Number of protein chains: 2
Amino acid sequence: MQLTPALARLVEELGKLPGIGEKTATRLALFILGAERTYVENLAEAIWAVKAETTQCQQCFGLAEGDLCPVCRDPKRSEESLCVVEEPADLLAVERALGYHGRYHVLHGVLVPLDGIGPDQLKIAPLMERLRRGMIREVIIATNPTVEGEATALYLAKIIKPLGIRVSRIAHGIPMGGDVEYIDSVTLSRAIEGRREM
Amino acid sequence: MQLTPALARLVEELGKLPGIGEKTATRLALFILGAERTYVENLAEAIWAVKAETTQCQQCFGLAEGDLCPVCRDPKRSEESLCVVEEPADLLAVERALGYHGRYHVLHGVLVPLDGIGPDQLKIAPLMERLRRGMIREVIIATNPTVEGEATALYLAKIIKPLGIRVSRIAHGIPMGGDVEYIDSVTLSRAIEGRREM
């Protein structure tokens with residue numbers, strides 16, 4: 001294909017984004033080429049800025065600009081509940097789900113002893129320090145339902161409970177709109193185990 | 001959702017790209033945030049450069065850097081065949097299809113008399129000038145099979161044929177892998193009309 005060098009380069013860079021193949025990259029590149037100059041400047045500037053301006057929240061280790069993230073800075077969020085997630089993206093997913101008005105703590109990973117990732121490689125020490133300060137009454141563990149995510153949840157429950165803090169795990173079961181017939185058996189047995197009286 | 005300002009801005013800008021919704025934009029933004037600094041710099045720079053460096057080819061009106069596009073500059077391309085397309089993206093699609101080794105001419109639109117788009121609004125005068133120079137023996141019209149694209153093809157055929165140049169139209173029919181049972185009737189009748197002896 002006879003792309004100009006600048007266009008070929010943009011297609012190549014866009015093609016490195018997750019889920020963007022060559023055809024989509026070409027379509028996006030041509031759109032960018034045809035878009036208004038102000039939009040193109042804003043887009044390039046926003047890409048640059050997100051890397052330059054985003055920091056790690058000093059308290060929850062989520063995404064921030066400056067010292068604290070928007071949640072940690074928000075005085076209206078409950079100090080009694082803390083949701084523990086693996087990555088900043090998980091924090092955003094819980095925020096998107098609405099309904100949760102407590103605080104967060106981002107572990108930045110899960111325990112994988114075989115890969116040498118133990119408690120010291122995660123943000124577990126600062127989590128324990130936050131909990132010892134005594135405001136938090138419940139910790140909701142929202143690590144992924146993978147082997148490592150489950151093991152990390154169990155480990156956290158074991159070390160947090162002695163502080164007299166309630167520890168809960170987000171429910172696993174059939175997703176809304178899902179189909180009992182086609183759901184995998186592990187999920188279905190978790191759904192039955194976690195049944196609630198109606 | 002509690003996005004940091006820089007992240008919220010990037011999600012907004014990415015969400016303006018065609019086919020990118022809020023969820024995909026968030027995923028891409030988080031990927032960019034987590035990507036290596038050199039990649040992010042290259043991406044922002046490539047977006048900026050494509051707008052700053054891309055020009056219009058002085059001969060075929062396709063995408064170029066400098067005066068001429070890669071096709072017009074290529075001495076190995078046949079001077080005898082000229083493919084007329086609506087937009088630069090169509091030129092790239094024909095290039096991607098391989099098998100065509102002639103030159104191109106980009107109209108930058110189609111005739112839409114009701115919207116005031118006549119021959120003077122398209123690159124038709126420079127097309128006729130190229131044809132009068134006498135190298136080209138066949139013009140292949142590859143405008144889209146829409147009402148306007150067809151009308152533009154007919155118009156071009158009418159003004160080009162008197163120059164003694166062969167004018168052809170790309171074939172319309174059932175796409176490869178398509179299904180005779182489910183194809184629309186207009187396409188099917190065009191496919192029968194355009195049948196070829198085996």
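Owing to the predicted nature of the structure, the values given are computational and were not obtained by experimental measurement. Throughout, protein chains are lettered first and strands after them, A, B, ... in sequence-line order, and every chain is numbered starting at 1.
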Test item: Leu30(A) and Glu87(B) side chains (from C-beta on) under 4.5 Å apart, heavy atoms: no
- prompt: CG/Leu92(A) to CZ/Arg27(B) distance, rounded to the nearest 0.5 angstrom?
  reply: 14.0 Å
field: Common cluster, Val71(B)/Ile170(B), ILVMFWY with side-chain heavy-atom separation under 4.5 Å
entry: yes
task: Look up atom CG in Leu33(B) and atom CG in Leu63(A), then write down how far apart they are to the nearest 0.5 Å.
output: 5.5 Å
Residues in residues 37-46 of chain A near chain B [non-hydrogen atoms, under 4.5 Å]: Arg37(A), Tyr39(A), Val40(A), Glu41(A), Asn42(A), Leu43(A), Ala44(A), Glu45(A), Ala46(A)
- request: Count the heavy atoms of every other residue, nucleotide or ligand shown that sit under 6.0 Å from CZ of Arg133(A), and state whether that count exceeds 12.
  value: yes
query: Same cluster for Val139(B) and Leu91(B) if Ile/Leu/Val/Met/Phe/Trp/Tyr side chains link at under 4.5 Å?
result: no
task: Determine whether Val94(B) and Val110(B) fall in the same hydrophobic cluster, where Ile, Leu, Val, Met, Phe, Trp and Tyr are linked whenever their side-chain heavy atoms lie under 4.5 Å apart.
output: no
- request: Could you tell me which portion of Glu53(B) (side chain, backbone, both or neither) has an atom closer than 4.5 angstrom to a non-hydrogen atom of chain A?
  value: side chain
message: On a heavy-atom basis, which atom in Glu65(A) and which in Leu7(B) lie closest, and how many Å separate them?
response: OE2-N, 4.4 Å
- prompt: Are Ile159(B) and Phe61(B) connected in the hydrophobic side-chain network, where two residues link if heavy atoms are under 4.5 Å apart?
  reply: no
field: Neighbour count above 12 (heavy atom, 6.0 Å) for Met128(B) CE
entry: yes
- prompt: Between Ala35(B) and chain A, which part of the residue has a heavy atom less than 4.5 Å away: side chain, backbone, both or neither?
  reply: backbone
message: Grouping I, L, V, M, F, W and Y whenever their side-chain heavy atoms are under 4.5 Å apart, do Leu82(A) and Ile140(A) come out in a common cluster?
response: no
Flag side-chain contact, heavy atom, 4.5 Å: Leu17(B) against Ile32(A): yes
- request: Please state whether the side chain, the backbone, both or neither of Pro88(B) comes within less than 4.5 Å of a heavy atom of chain A.
  value: neither
- line: For Thr4(A) and Pro70(B) the tightest heavy-atom approach is CG2-CD, 4.3 Å
field: Which of Ala49(B), Ala64(B), Gly19(B), Pro5(B) touches chain A most, by non-hydrogen pairs under 4.5 Å
entry: Pro5(B)
Chain A contact via Ile20(B) - side chain, backbone, both or neither, heavy atoms under 4.5 Å: side chain
query: For Lys16(B), is it the side chain, the backbone, both, or neither that has a heavy atom closer than 4.5 Å to a heavy atom of chain A?
result: both
